[in-house]
Protein chains: 2
Amino acid sequence: MARTQGSYSVITSSRLREAALRLFAQHGYAAVSMRQIAREIGVQAGALYLHTPDKQTLLYTLMREHMEELLAAVPCDSGTPLERLERFCRFHIRFHHARRAPVFIAYLELRSLEPENFARIEALRNRYEAHLETILRDGIEAGSFAAPDAKLVTLALIAMLTGVTTWFRPDGRLDLAQIEAIYWDMVRKVLSV
Amino acid sequence: MARTQGSYSVITSSRLREAALRLFAQHGYAAVSMRQIAREIGVQAGALYLHTPDKQTLLYTLMREHMEELLAAVPCDSGTPLERLERFCRFHIRFHHARRAPVFIAYLELRSLEPENFARIEALRNRYEAHLETILRDGIEAGSFAAPDAKLVTLALIAMLTGVTTWFRPDGRLDLAQIEAIYWDMVRKVLSV
DNA sequence: GTCTATACGTGGATAGAC
DNA sequence: GTCTATCCACGTATAGAC
């Protein structure tokens, strides 16, 4: 039989990421111990340090990977501003719901990052927000949207859309498609001329 | 000279609240130690336990007091739905900015509360959200507002309005009065028929 | 009311056996 | 690659002197 050590390493690494994501999102970075994560994936605490140099790097890596996946998944900029806006809003709600755990972490654990790591994550977030801001500016310039301040509306809309993740339950009164439609309706009205 | 012990107690108690509010808001409940709070107000860690039975109760008390002050300060329900809505939105932005620290704690540290305390704080929050929802329902019934779902719009608007506290800086491009006006404009449009 | 001292658990991280 | 054992700092909370 061939060596399986490499395989085990990959498995444990991915299980470590999963468990850390879930536990950090649920209880918070500071409240979760490395021992707790290790117990969750069935290894001893010391073994975790084969897969991450330390706890802080583990947090930062999870956040960075999430932000990079988010940026890679943003829909392309084709069509009218209205079409682009709708695509962005529906994407935002769907993506953020599909990745609730990293979304919570990326929003709530910024303060747990050391300064350099914080700056890097913040830069990625600014790049994401710039996508929406660009759509708004293009729409305002074209006369399709009315908004007193593109930057402020960007921040307001992102806060509104992201808020869905804090209360949405799959077994609730409305499904995600309905919520998407209602939110899109609100966004459309905010920008209406 | 009269005894001064009672006075000292009151002073330390209020200094404890202030310091805990600030540190919990900045670093998170789990990341802040009782020793750190004590150092901040210039007493020994043991002395804190004269003013709070334990750390969890300290957190819960801060959150409960904040929510009760919020509920006590909600503007009264007089006038047209549109007037009531404007009053609520402006109040929300102003109050939440004035009390940024307890607001952060009330939103981010729900997961740090033990189940019974969590349930109590959640109940207070639901009472606050009900104020806005009632305004929306009254306005929809009167034909002043158009909204597909009063509950969802309530959650969306509160997320949007509360978001201001996460990025607003007094030395920024816009002052709070301008921001209030822009946000009120967005809210008005969301509800427009 | 506050201090000093301390009990006792648990945290992150590492060393060396297997 | 993982385990056991361990280091050492720090956590919450309490006891008893002043």
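Not measured: the values here are computed from a predicted model. Proteins come first, then strands; the chains are lettered A, B, ... in the order of their sequence lines, and each starts at number 1.
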To the nearest angstrom, the CG-P distance between B/Leu16 and D/dT12 comes to 13 Å
Can you identify which nucleotide, out of C/dG12, D/dT14, C/dG1, has its nearest atom closest to the B/Ser9 side chain? C/dG1
What integer distance in Å separates A/Leu23:CG from C/dG11:P? 12 Å
Report the distance from atom CG of A/Leu48 to atom P of C/dG12, rounded to the nearest whole Å. 10 Å
Whole angstrom value for the distance that separates P of C/dC3 from CE of B/Met34: 14 Å
Atom-pair distance (OH on A/Tyr49; P on D/dC3), nearest Å: 15 Å
Parallel, tilted or perpendicular: rings of B/His66 and B/Phe95 (30°, 60°): tilted
Whole-Å distance between D/dT12 P and B/Leu59 CG? 13 Å
Could you state the atom-to-atom distance from CD1 of A/Ile37 to P of C/dG11 in whole Å? 11 Å
May I ask you to verify if any side-chain N or O of A/His51 is less than 4.0 angstrom from the OP1 or OP2 atom of D/dT2? yes
Run A/Phe88 and A/Tyr128 through ring pair (Phe, Tyr, Trp, His ring centres under 6.0 Å) and show every step you take. CA-CA 11 Å; A/Phe88 183 93; A/Tyr128 179 69; 5.3 Å; yes
Considering just the side-chain nitrogens and oxygens of A/Thr12, establish if one lies under 4.0 Å of OP1 or OP2 belonging to D/dG1. no
Looking only at side-chain N and O atoms, does A/Ser33 come under 4.0 Å of OP1 or OP2 in C/dG11? yes
Got a donor-acceptor pair under 3.5 Å from the side chain of B/Arg35 to the base of D/dT12? yes
Whole angstrom is fine here: how far is it from CZ in A/Arg39 over to P in C/dG12? 11 Å
Where the side chain of B/Ser13 meets the backbone of B/Val10, is there a donor-acceptor pair that is under 3.5 Å apart? no
For the side chain of A/Ala47, starting at C-beta, report the closest nucleotide among C/dG1, D/dA13, D/dC3. D/dC3
Is any side-chain heavy atom of A/Asp54 closer than 4.5 Å to one of A/Met34? no
With a 4.0 Å cut-off on N to O distance, would you call B/Glu18 and B/Arg22 a salt bridge? no
Taking C/dC3, D/dC3, C/dG11 as options, the one with an atom nearest any side-chain atom of A/Gln44 is D/dC3
